[in-house]
Amino acid sequence: MSVVKSEIGRFYRKITVRWLLFVVFVITTSFSFVATYETKANLIAVDSFSNFYAMSDNRLQKFSTDGKFLYRYEEYRFGKFGTLDVTNPLKIMVFYPDFMTVTTLDRFLAPITTYNFFNLGYQNITAIASSTDNRLWFYDNVDFKLKKIDEAGKIFRESQPLNIIIGEAPSPNFIIEKDNRVYVNDPEIGILVFDLFGGYSKTIPLKGLKKFQILKEQVIYFENNSINSYNPTTFESVALALPDTSNIQQAVLEKDCLGILKKDHIDFYKY
């Protein structure tokens with residue numbers, strides 16, 4: 001019994017230390033301006049190598065951590081870009097919802113593979129994410145299941161019907177796999193959390209989100225001109241004040257850098 005109590009104590013101390021470290025980071029962080037780049041984009045993202053990406057209707061641009069332009073990818077055959085997944089910097093994923101098509105790109109933004117979900121037999125897909133094993137996660141709105149497939153459409157993992165598990169049918173707009181978890185976001189319900197086998201775990205009660213990051217086991221999202229961190233274990237929230245809050249469209253954070261998207265440019269910061 002004492003061994004069990006000791007293990008539990010260590011577990012909670014570990015969580016507390018991680019959370020306190022993140023709080024100290026939020027309180028003490030100071031940003032230094034690095035560069036700005038003139039461009040118009042709908043969203044920005046940052047990968048684990050601290051490379052930034054700016055996505056517009058039909059164009060994707062990649063920047064170094066110090067704001068230098070690196071590569072460009074443009075595509076018009078499949079309609080407008082919908083979502084972008086840079087979780088795997090060596091296999092970036094772009095989703096075109098109008099044509100139910102996904103293209104994966106290498107680190108130079110050169111196309112690798114194209115998936116067409118109509119050809120694979122799916123009719124209603126709204127959210128897709130890359131997997132660490134080079135497959136794809138997506139939510140099938142027809143049978144209400146989270147699924148993982150390969151390039152040929154073979155199903156490797158799938159959840160139970162979510163309308164039965166949680167008592168309502170989700171309508172996800174965003175999925176991400178990170179740290180052995182799959183996060184499926186429904187703005188009306190919250191963030192549904194699954195294991196890598198498609199097993200439903202819990203729902204994080206954050207609603208109204210369009211996009212978020214998972215960093216140091218926290219849910220990181222931009223709202224009200226600040227970057228907010230939510231701890232799913234302690235249910236605590238912390239807001240990080242940004243160095244510039246005028247006309248911000250979006251902001252993303254990595255371990256040593258910050259990107260702020262504005263109407264006609266991106267500002268890059270270090271901390």
Exercise. Drop me the distance from Ile266's CD1 to Gln61's CD, to the nearest 0.5 angstrom.
Key: 7.0 Å
Quiz item: Minimum heavy-atom separation for Ile44 to Lys211, with atom names?
Solution: O-CE, 4.4 Å
Self-check item: Over 12 non-hydrogen atoms of neighbours within 6.0 angstrom of NZ in Lys80
Solution: no
Quiz prompt | Rounded distance [0.5 Å steps], OH in Tyr139 versus CD in Glu158 | solution = 12.5 Å
Quiz item: Taking all atoms of both residues into account, what is the closest heavy-atom pair of Met55 and Leu84, and its distance?
Solution: SD-CB, 3.7 Å
Quiz item: For the residue pair Tyr53 and Phe63, is the inter-centroid distance of their aromatic rings smaller than 6.0 Å?
Solution: no
Quiz prompt | Trace of the side chain to side chain donor-acceptor pair (under 3.5 Å) decision for Lys262 with Ser246 | solution = CA-CA 8 Å; Lys262 297 198 172 185; Ser246 60; 3.0 Å; yes
Quiz item: Distance only, no hydrogens: is a donor on one side chain within 3.5 Å (strictly under) of an acceptor on the other, for Thr132 and Glu177?
Solution: yes
Exercise. Measure the NZ-CG distance between Lys91 and Asp106 for me, rounded to the nearest 0.5 Å.
Key: 11.0 Å
Quiz item: Do Ile260 and Pro243 have side-chain heavy atoms sitting under 4.5 Å apart?
Solution: yes
Exercise. Tell me yes or no: between the side chains of Ser131 and Arg157, is some donor less than 3.5 Å from an acceptor?
Key: no
Quiz item: Within a reach of under 6.0 Å around CZ of Phe69, are more than 12 heavy atoms found that belong to other residues, nucleotides or ligands?
Solution: yes
Practice problem: Supply the atom-to-atom distance Leu60 CG to Leu109 CG, rounded to the nearest 0.5 angstrom. | Solution: 5.0 Å
Quiz prompt | Option among Asp143, Asn116, Ile149 that satisfies the side chain to side chain contact (heavy atoms under 4.5 Å, CB included) test with Tyr122 | solution = Ile149
Quiz item: Hey, are the side chains of Tyr269 and Asp244 touching, using non-hydrogen atoms and a 4.5 Å cut-off?
Solution: yes
Exercise. Answer yes or no: is there a side-chain heavy-atom contact under 4.5 Å between Ser171 and Asn173?
Key: no
Quiz item: Where do Phe81 and Tyr73 come nearest, in terms of heavy atoms and distance?
Solution: CZ-CE2, 3.8 Å
Self-check item: Ring centres under 6.0 angstrom apart (Tyr37, Phe268)
Solution: no
Quiz item: Any luck finding a side-chain donor-acceptor pair between Thr65 and Lys270 under 3.5 Å?
Solution: yes
Exercise. Please lay out, stage by stage, how Asn51 and Val86 fare under the test side chain to side chain contact (heavy atoms under 4.5 Å, CB included).
Key: CA-CA 9 Å; Asn51 297 305; Val86 299; over 6 Å; no
Quiz item: For Ala54 and Ala41, which heavy atoms make the closest approach, and how far apart are they?
Solution: CB-CB, 3.9 Å
Quiz prompt | OG1-CG distance between Thr245 and Asn225, expressed to the nearest 0.5 angstrom | solution = 5.0 Å
Quiz item: Are side-chain N/O atoms of Ser50 and Asp256 paired as donor and acceptor at under 3.5 Å?
Solution: yes
Quiz item: What do the steps show when you test Arg77 against Thr101 for side chain to side chain donor-acceptor pair (under 3.5 Å), and what is the final call?
Solution: CA-CA 10 Å; Arg77 293 174 297 166; Thr101 296; over 6 Å; no
Practice problem: Check step by step if side chain to side chain contact (heavy atoms under 4.5 Å, CB included) holds for Phe117 and Leu136. | Solution: CA-CA 11 Å; Phe117 278 86; Leu136 289 182; 4.2 Å; yes
Practice problem: Quick one: closest heavy-atom pair of Asp66 and Val34, and the distance? | Solution: O-CG1, 3.5 Å
Quiz item: Are the aromatic ring centres of Tyr230 and Phe212 under 6.0 angstrom apart?
Solution: no
Quiz item: Which atom names give the shortest non-hydrogen contact between Ser130 and Asn88, and what distance separates them?
Solution: OG-N, 4.5 Å
Quiz item: Roughly how far apart are Leu90 CG and Thr104 OG1, rounded to 0.5 Å?
Solution: 11.5 Å
